[in-house]
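Residue numbers begin at 1 in each chain, while the letters A, B, ... track the order of the sequences.
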Amino acid sequence: MKVQKIFDSFMSSNIFNNKGVLQSNYTPETIPHRDKEIEQIASILAPALRQERTSNLFVYGNTGTGKTLSIHYLKNELLKRSDKSPLRVEYLNCKLRKVADTEYRILAELIKKFGHEVPATGLPTDQVYNKFIEVIEQEKQFIILILDEVDQIVKKMSDGFLYNLMRINTELSKTQLSVIGISNDVTFLDNIDPRVRSSLSEEEIIFPPYNALQLQDILKTRAELAFKKNVVGEGVIAKCAAIAAREHGDARRALDLLRVAGELTEREGLAKISLKYIDQANAKIEKDKILSIIETEPKQFQAVILAIIELSDKNKDKIFTGEVYQAYQDVCKRARMEMLTQRRIGDIISEFDMLGLINASVISKGRYGKTREIKLAISKQIIERAKKIINESLGFA
DNA sequence: GTCAATTCACATGAAAGAGACCACGGTCTAGTG
DNA sequence: CTAGACCGTGGTCTCTTTCATGTGAATTGACGA
């Protein structure tokens, strides 16, 4: 039976030893090539162990440069040594939708971490503030608050939250609060209130991208744990590293590549990962990402994407906002759904730009106005699949 | 030919509404002694 | 008499609409050589 064969081969993988090592939630024991950064941060945080207030810290670097990993590592090390001192280190990822993407919810989440409950909604925000202060003031303690992806907070709300957070220290009598902000976006600090900026970035640390050699190093150590012996073919690691290095030195990307290449090899029933599977893996990752974005997007967004796809199918590769809106209206009519205003469509288009589904840039056509010039960034092989997904979701025949 | 004013087709911002969710406090109802 | 059901009020959150203002260069038209 085929099924049995599939299960059998799954049970006794001849490729993987421990696939988890290549997954993004895995925490390795050592973090190569980040010694300098970790030491710097450690020396900044060390005063906390002697019950002194630590400086606020701002960490930035591209995705997959080991920021979060390093901070987690330091968090654990700190906590290991702090059984006597009343030190608390709390980590919060501000990007998680529905968990921590508004002022209210972040506070609610923090209060929860300190062992109290607060309703998910319905309370005035300043009351939640007071509750938070009350909770952390219950006993004398040192708190280090790690805010991952702080730039998201500012993007979604204003910098008011950060300002309040910085100011909170002055309202606390017993407790001391320090903040570690982590951000992918280097320019993020430029657009916030100078007062917040100066207090948030009392110390700054930059995580530079990994270069190809460092990536190879990381991959090698992980591959040894993840794969069985003699599975990884000649040059495979070098190639993964090279591809990822091209993409801003993103280690996560490199690990994904290696894992997916392994999965593809396994599915083929082969015992050795060869170079060609890496190219395939690269394509597959890209494809899966795009399709899953399209699939999970709300209907209105799908309609806009469909409009853009149809336009770029039809003729040119340069599309303007107005054209998209017309095509979108057409799609709406066909699908019998309500139409949104052009204002909204403009925003949706720029969201697609951020997601990487399209490339859009604002240009001026002089006398003939100012628009976005839009180009579809989905490769041809996926377009058909994408269309199918959208058509199904919009209820077309 | 040169220069500033004009003009288009949107971008970009701000404010505010709609509808969903929820807490809180007061009132009503039904079950209990 | 009291616990629970049921409202109304007031708050947040997301997605939108409405109204307002901004904008960059092709075009236009006046001007001078």
Hey, does the side chain of [X] come within less than 4.0 Å of [N]'s phosphate (OP1/OP2), counting only N and O?
{"X": "A:Tyr368", "N": "C:dA25", "answer": "no"}
{"X": "A:Ser364", "N": "C:dT23", "answer": "no"}
{"X": "A:Arg344", "N": "C:dT16", "answer": "yes"}

Roughly how many Å is it from [atom1] in [X] to [atom2] in [N], rounded to a whole number?
{"X": "A:Glu109", "N": "C:dT12", "atom1": "CD", "atom2": "C1'", "value": "16 Å"}
{"X": "A:Met339", "N": "C:dT17", "atom1": "CE", "atom2": "C1'", "value": "15 Å"}
{"X": "A:Ile348", "N": "C:dT14", "atom1": "CD1", "atom2": "P", "value": "16 Å"}
{"X": "A:Tyr325", "N": "B:dC10", "atom1": "OH", "atom2": "C1'", "value": "13 Å"}
{"X": "A:Glu338", "N": "B:dA18", "atom1": "CD", "atom2": "C1'", "value": "12 Å"}
{"X": "A:Lys365", "N": "C:dT23", "atom1": "NZ", "atom2": "C1'", "value": "15 Å"}

Write out a two-atom table: protein N or O, nucleotide N or O from nucleotides 28-30 of chain C, distance below 3.5 Å.
none

With a 4.0 Å cut-off on N to O distance, would you call [X] and [Y] a salt bridge?
{"X": "A:Asp313", "Y": "A:Lys387", "result": "yes"}
{"X": "A:Glu384", "Y": "A:Lys388", "result": "no"}
{"X": "A:Lys239", "Y": "A:Asp279", "result": "yes"}
{"X": "A:Glu338", "Y": "A:Arg344", "result": "no"}

Approximate separation, where rounding is to 0.5 Å, of A:Leu78 CG and A:Leu45 CG: 5.5 Å
Charged tip of A:Arg34 within 45° of A:Tyr210 ring normal and under 6.0 Å: yes
Backbone N or O of [Y] within a donor-acceptor pair of the [X] side chain at under 3.5 Å?
{"X": "A:Asn56", "Y": "A:Val179", "value": "yes"}
{"X": "A:Asn62", "Y": "A:Pro209", "value": "no"}
{"X": "A:Lys220", "Y": "A:Ile237", "value": "no"}

Just the atom pairs and distances: protein N or O near nucleotides 11-15 of chain B's N or O, under 3.5 Å.
| unit_1 | atom_1 | unit_2 | atom_2 | d |
| --- | --- | --- | --- | --- |
| B:dA11 | OP1 | A:Thr321 | OG1 | 2.8 |
| B:dA11 | OP1 | A:Arg372 | NH1 | 3.1 |
| B:dT12 | OP2 | A:Arg372 | NH2 | 2.5 |
| B:dT12 | O4 | A:Arg343 | NE | 3.4 |
| B:dG13 | N7 | A:Arg343 | NH2 | 2.7 |
| B:dG13 | O6 | A:Arg343 | NE | 2.8 |

